[in-house]
Amino acid sequence: MKRDFYGLFINGEMVSSERGEAMTTVNPATGEVVAEVAKASTVDVDRAIAAARDAFENGKWKKYPVGRRAKVMHKIADLMRERFAQLVELEMLDTGKALSAAQGQVHQAIENFEFYAGAIVGHRGTVNNVPGQFHNYTEKEPIGVCAQIIPWNYPLMMASWKIAPAIAAGCSIVVKPASLTPLTALILGEICTEAGVPAGVVNIVPGAGREVGEYMVAHEDVNKVAFTGSTEVGKHIMEMAAKTLKRVTLELGGKSPNLVFEDADMEAAVDGSLFGIFYNTGQSCEARSRLYVHEDIYEEFMARFVEKAKQLKLGDPFDKGTHIGAIIDEAQCETIDAYVQSAIKQGAEVVTGGKRAVVPGFEGGCWYEPTILTGVSQEMDVVKEEIFGPVVVVSTFKDEKEAIKLANDTAYGLGSAIWSTSDARTKRVADAIEAGIVMVNCPFSAFPGTPFGGYKQSGFGRELCIETLDLYTETKSILSYYGKRPLNPFGI
């Protein structure tokens, strides 16, 4: 189902790069080459942006009635379902993630297009109260050409989070998928065209972030930038975009707290906390990597939590029984281990895990054991900084006030979780936590229609919801006068 070579997707076609350059993608679970992919340069980005600009200025997509755009969006979803097995396989080969994770993420990618097909039909302007002889209404117009930069941890799902609302709104886009995981985004570009999206509206240009990504952000023909990735890179993008006053949406890093109170449903809290950190091999921006447990139940909770963590299976990603997939590459594996070893030197205790894993039959891959650290302090790097791997730090708290203080003691503010059977408490704590997402007695952070985004250095803007459409549109105010007498404000 996979190919040996994937081109750039520009103006409705798979094409080679102008310089003839290519890069390889590698399966993190095995270390084997998956495919060769054309590598875009700034010349190719110019081609893609020119195609997007022409499609926006002179094409028909933004002029389609929203119902017609919605019909195409549904067709995209239908084609994705028909090619579900291919998309899952490519996602797994590119990322090394477990089968269940890949299947769930492809399903959500499909549902995102269906959600925005419905949302755009109801996205409209307003009629506003003005003096009687005047009339004021607003219209929503597509913002223009959008540059979208996608991370490697959820390649297809994150692409759908950005592509679906942008094209639903009538924009044209140039997407840079992560160099490590470009395959499903390229296939999605083909699917969009097959479904009826006109050539030039969707363009996919894999390439180096420092060359291709920065060039897209700085380009004068780009009206908006949407980025998901690290806080450090997000700050740099914001600086570059400021030079041309581009609209920017940033979904950045996280160090999400997970609060387990003494009245929590113990079984649900243990299972939810396990999923919250080890799902997708911990390579999630909203991973609940700081676990705070009330001191009265700490011993019992930890006994169950550690026991279940030791039962998590690492292995063949295509095996339905596998829970934990591979780490994306060697560099990330080294980063994870460096954090763990640094914490140990500073006095942290490894309860389980704490080192690279060797998986029989997959010795050439990048693997890390599910790791639980205790004896940590708020000052340690392993507590303060995003690790992006299967590592959780555990501490205790004595009361609600301290729990909230610990939760908010971070530069980030993306996700958070609360486990308690008291509705009053969950409401109080949810209101007090400085984060864009609060999961109450639930391990899941988002479904199509639920806003996803952060506070503080986790970025700004909300994705996956109706409000996202506002990020891809301009609001035009039209004020008319219908009085019988001509207006003469100066009285001359």
Side-chain angles (χ1 to χ4, degrees), residues 2 24-35 88-103 105 152-155 178-181 273-284 287-289 291 302-346 348-376 381-382 385-394:
K2 70 179 181 68
T24 56
T25 64
V26 174
N27 182 347
T30 63
E32 298 172 350
V33 172
V34 176
V88 169
E89 180 188 26
L90 289 179
E91 199 78 334
M92 293 175 68
L93 292 174
D94 243 2
T95 64
K97 64 180 62 194
L99 175 63
S100 59
Q103 288 176 329
Q105 291 157 29
W152 50 256
N153 57 332
Y154 295 100
S179 299
L180 296 171
T181 57
S273 299
L274 200 73
F275 183 89
I277 179 56
F278 296 125
Y279 174 71
N280 209 54
T281 322
Q283 298 173 129
S284 300
R288 278 118 281 167
S289 55
L291 175 56
M302 286 299 290
R304 297 192 190 189
F305 185 63
V306 173
E307 180 187 2
K308 289 204 170 186
K310 290 179 177 179
Q311 295 174 26
L312 292 171
K313 180 183 176 182
L314 285 75
D316 182 358
F318 286 90
D319 184 338
K320 292 182 179 179
T322 296
H323 301 109
I324 305 289
I327 303 300
I328 190 64
D329 65 1
E330 180 63 26
Q332 184 61 22
C333 220
E334 291 178 357
T335 295
I336 294 167
D337 195 54
Y339 272 110
V340 172
Q341 300 312 315
S342 172
I344 293 171
K345 290 179 181 178
Q346 294 174 12
E349 178 186 350
V350 177
V351 179
T352 187
K355 61 183 185 299
R356 297 181 62 140
V358 177
V359 179
F362 294 85
E363 290 83 359
C366 301
W367 302 85
Y368 206 87
E369 295 179 347
T371 299
I372 301 173
L373 300 176
T374 60
V376 297
D381 290 342
V382 76
E385 298 178 12
E386 185 176 42
I387 299 174
F388 231 64
V391 179
V392 62
V393 295
V394 190

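Counting only residues at least two apart or on different chains, the salt bridge (charged side-chain N to carboxylate O under 4.0 Å, His left out) pairs with a member in residues 321-340 are E330-R356. Screening residues 358-369 for salt bridge (charged side-chain N to carboxylate O under 4.0 Å, His left out), with sequence neighbours left out, gives K355-E369.
Partners of L312 by side chain to side chain contact (heavy atoms under 4.5 Å, CB included), not counting sequence neighbours, listed by chain and number: L274, F278, H323, I324, P370. Annotation: side-chain hydrogen bond (donor to acceptor under 3.5 Å, both in side chains) contacts of Q346 (sequence neighbours excluded): S342. When the side chain to side chain contact (heavy atoms under 4.5 Å, CB included) test is applied to T374, the partners found at least two apart in sequence or on another chain are Y298, M302, E349, V351, V394. Considering only residues two or more places apart in sequence or on other chains, D381 meets the salt bridge (Lys or Arg N to Asp or Glu O under 4.0 Å) condition with none of them.
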Just do the side-chain contact (heavy atoms from CB on, under 4.5 Å) check on V350 and I344 with the steps written out, would you?
CA-CA 7 Å; V350 177; I344 293 171; 3.5 Å; yes
- Query: Should I387 and T335 be marked as a side-chain contact (heavy atoms from CB on, under 4.5 Å) after you check the CA-CA gap, both sets of side-chain angles, and the distance that decides it?
  - Reply: CA-CA 8 Å; I387 299 174; T335 295; 5.8 Å; no
For Q105 and K97: C-alpha separation, side-chain torsions, deciding distance, then whether side chain to side chain donor-acceptor pair (under 3.5 Å) applies.
CA-CA 11 Å; Q105 291 157 29; K97 64 180 62 194; 2.5 Å; yes
Residues V391, I336; criterion side-chain contact (heavy atoms from CB on, under 4.5 Å); working and verdict = CA-CA 8 Å; V391 179; I336 294 167; 3.8 Å; yes
Checking N153 against N280 for the side-chain contact (heavy atoms from CB on, under 4.5 Å) test, could you report, in this order, the C-alpha distance in whole Å, the side-chain angles of both residues, the deciding distance, and whether it holds?
CA-CA 8 Å; N153 57 332; N280 209 54; 4.2 Å; yes
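The two atoms that bring A326 and T281 nearest to each other are O-OG1, 3.7 Å, heavy atoms only. The minimum heavy-atom distance between L99 and F318, with the atom names listed, is CD2-O, 3.9 Å. In plain terms, the two heavy atoms of V88 and A102 that are nearest each other are CG1-CB, 4.1 Å. Smallest separation of non-hydrogen atoms from G354 and T371: N-OG1, 2.8 Å. Nearest approach of I372 to A309, heavy atoms of both residues: CD1-CB, 3.8 Å. The minimum heavy-atom distance between P317 and G96, with the atom names listed, is CG-O, 3.7 Å.
Here the OH-CD distance, from Y339 to E386, works out to 8.5 Å after rounding to the nearest 0.5 Å. With values rounded to the nearest 0.5 angstrom, L90 atom CG is found 11.5 Å from T181 atom OG1.
Between the Q283 side chain and the I328 main chain, a donor and an acceptor come within less than 3.5 Å of each other. Using a distance-only test at 3.5 Å, with no hydrogens or angles considered, a donor-acceptor pair links the side chain of T322 to the main chain of D316. Judged by distance alone, with hydrogens and angles left aside, the side-chain atoms of Q332 form a donor-acceptor pair with the main-chain N or O of F388 at under 3.5 Å. Counting only distance, with no hydrogens or angles, the side chain of W367 and the backbone of F362 share a donor-acceptor pair below 3.5 Å.
In this structure, I327 and P390 have side chains that are in contact, with non-hydrogen atoms separated by less than 4.5 Å. Proximity of S289 to V393: side-chain heavy atoms (C-beta onward) are nowhere separated by under 4.5 Å. Using a 4.5 Å heavy-atom cutoff, the side chains of V382 and L373 are in contact.
Judged by distance alone, the side chains of S284 and Y154 do bring a donor and an acceptor atom under 3.5 Å apart.
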